[in-house]
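One structure is given below, encoded as structure tokens.
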Protein chains: 4
Amino acid sequence: MKIDPGSHVPIYLQIAAEIRSAVAAEVYRPGEALPSLRNMAIELQVNPNTVQRAYDELVRDGLIYPQRGKGLFVADQGTTSAQNGALDVVRKLFEEGVRAGRAAGVSADQMREIFAASIAAPANRGATSHDQ
Amino acid sequence: MKIDPGSHVPIYLQIAAEIRSAVAAEVYRPGEALPSLRNMAIELQVNPNTVQRAYDELVRDGLIYPQRGKGLFVADQGTTSAQNGALDVVRKLFEEGVRAGRAAGVSADQMREIFAASIAAPANRGATSHDQ
Amino acid sequence: MKIDPGSHVPIYLQIAAEIRSAVAAEVYRPGEALPSLRNMAIELQVNPNTVQRAYDELVRDGLIYPQRGKGLFVADQGTTSAQNGALDVVRKLFEEGVRAGRAAGVSADQMREIFAASIAAPANRGATSHDQ
Amino acid sequence: MKIDPGSHVPIYLQIAAEIRSAVAAEVYRPGEALPSLRNMAIELQVNPNTVQRAYDELVRDGLIYPQRGKGLFVADQGTTSAQNGALDVVRKLFEEGVRAGRAAGVSADQMREIFAASIAAPANRGATSHDQ
DNA sequence: GTGGTCTAGACCACA
DNA sequence: GTGGTCTAGACCACG
């Protein structure tokens, strides 16, 4: 789980997205507790408040829920909900790419080629950091 | 050419991107002049300063160049340069989508399916506005 | 007697309120003993410490009193005191509702209508959980 | 517009509720700008971050929307949406009061009496502060 | 120990 | 000037 402090995307959203992915990939399962705010903050080298904000985001989405004095837990529908969310993100990015390509006159075949290359590439450290 | 004032993407970058696309699609050809700063500002309903920043961006990229007292002109290599830039944008978005999908455990086949749907969809409504 | 762990209202206050209601409704009568701390904790599925705090609250109010080694007993004036307390709670909630309505420009007639609907509704599902 | 720092209700929620009321009562109308974060913070004697959080809440509700570098504006559906929200709040409080009364054995007639007294009382500084 | 709120003060991008 | 993010550090209630 890595954060890019130089990105234009706010850190707290990056964290939220990372956790969402982790929930979708069942790294954290429904009923399980997430790392505590403080531990997560130490691990990610950020301020606990920033992690808090990320967790807030997920709580509002209903992906996780807090239990007073105990911790934050993955909701029952968390896994499927996160998986659906992930599909949405993928779809949005692909659609945006297609849209941008079309606007610039890129042919559908060219785009298919680019996509094939993207998905064929090994997952070896992508860090494509779409923004900045 | 439309701007989304509600997006998280800065307006000046939206404008720059739009112009880049237009140059790539040869709406503006090398040697041609871009709309004047104030005309563009009026058309887009934004502050001239904002258009200025967009033009600055493109000048820095070498896509266009200013001619004292005359206006801004598309550079000779502008078209090809913008086209290459567009390919880069497309590639980045696709790679980002693939990366996000992988992190959430989405299979390659699922992603191929989503992509096929994206590229098959008619270009009617644009503005999928990936970011807010 | 049910507890909502997801509410913003502290569990120990929820418990205290429930017991207060029970005393007011004469489920527990003066001189009678309340369920033991640990039995109550088991029944409510909460930490005994939490029940303890609830009992503390009620002792402070003079609604119940402890008898060394025997348990907690409802005070002589417990029933009437709890009934008065309940009236206060009801009054406070109504006043708060009226105040909030007024601030938002809701007319008195509209509020009367809403109130009539509230009190006419059957007592089936409880737990309207005003707070989260 | 007044804040009670001693309440158990977080300040930022108090502020959000106050603004909601103000929007419902058309103190701020659709298209109008709210007081800036800093000005509001000064007026309420709280930290700008706290006001920010309150505004965030309202933005998420769609009651207001931010415009980069310009300010925060009341949304078109803001007034009606806030009015509906206010009715919900009133309803919830009344229902909660009725529920609490019933649980404690308060008769419907007694509650009607209490309600009548609440709504008959002049709006002269209520400050009934339902919580703490 | 946990999450939640608040302050103080800083820095940034945007218009 | 505006809103938005982040840090540092404090305090609180809860279990």
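- Closest to the Asn47(D) side chain, of the nucleotides dC14(F), dA15(E), dT7(E), is dT7(E).
- Here Thr50(A) reaches the OP1 or OP2 of dT7(F): one of its side-chain N or O atoms lies under 4.0 Å away.
- One atom, NE2 of His8(B), and another, C1' of dG4(F), lie 9 Å apart when rounded to the nearest Å.
- When distances are taken from the side chain of Ile11(B) to each of dG15(F), dG3(E), dA15(E), the shortest belongs to dA15(E).
- Summarising the base pairing, dC14(F) is matched to dG1(E) through a Watson-Crick or G-U wobble pair whose two defining distances lie under 3.5 Å.
- What separates CD of Gln14(C) from P of dC14(F) is a distance of 11 Å, to the nearest Å.
- Remark: C1' of dC12(F) and CG of Leu13(C) are 14 Å apart, rounded to the nearest angstrom.
- Counting heavy atoms from C-beta outward, Tyr55(D) and Leu37(D) have side chains that approach closer than 4.5 Å.
- Between Gly69(D) and Gly71(A), the residue whose closest nucleotide on DNA chain E is further toward the 5' end is Gly71(A).
- For the pair Arg53(B) CZ and dC12(E) C1', the interatomic distance rounds to 11 Å; values are reported in whole Å.
- Atom C1' of nucleotide dG1(E) and atom CZ of Phe73(A) are separated by 12 Å, given to the nearest angstrom.
- Annotation: side chain of Asp56(D) is in contact with side chain of Arg53(A) (closest heavy-atom distance under 4.5 Å).
- Spacing between atom CD of Glu57(D) and atom C1' of dT5(E) amounts to 13 Å, rounded to whole angstrom units.
- Within the 4.0 Å cut-off from OP1 or OP2 of dG1(F), not a single side-chain nitrogen or oxygen of Arg38(D) is found.
- With a 3.5 Å ceiling on both atom-pair distances, the Watson-Crick or G-U wobble partner of dC6(E) is dG9(F).
- An OP1 or OP2 oxygen of dT2(F) is reached within less than 4.0 angstrom by no side-chain nitrogen or oxygen of Arg68(D).
- Donor-acceptor pairing under 3.5 Å, judged by distance alone, is absent between the side chain of Asn49(B) and the base of dA15(E).
- In plain terms, the two heavy atoms of Leu63(D) and Ser81(D) that are nearest each other are CD1-OG, 3.4 Å.
- Rounded to an integer number of Å, the gap from Asp56(C) CG to dC14(F) P is 13 Å.
- Between the CG atom of Leu44(C) and the P atom of dG15(F) there is a distance of 12 Å, given to the nearest Å.
- Place Pro48(D) and Leu37(A) on DNA chain E by their nearest nucleotides, and Leu37(A) ends up nearer the 5' end.
- The listed nucleotides are dT2(F), dG15(F), dG4(F); the one nearest the side chain of Pro66(D) is dG4(F).
- Annotation for Lys2(A) and Glu18(A): closest pair O-OE2, 3.4 Å, computed over non-hydrogen atoms.
- Contact check for Tyr28(C) versus Pro35(C): side-chain heavy atoms found under the 4.5 Å cut-off.
- The side chain of Gln52(D) has dG4(F) as its nearest neighbour among dT2(F), dG4(F), dA15(E).
- Residues Tyr12(A) and Val46(A) fail the side-chain proximity criterion, which asks for heavy atoms closer than 4.5 Å.
- Nearest-nucleotide mapping onto DNA chain F: of Lys70(D) and Tyr12(C), the residue sitting toward the 5' end is Lys70(D).
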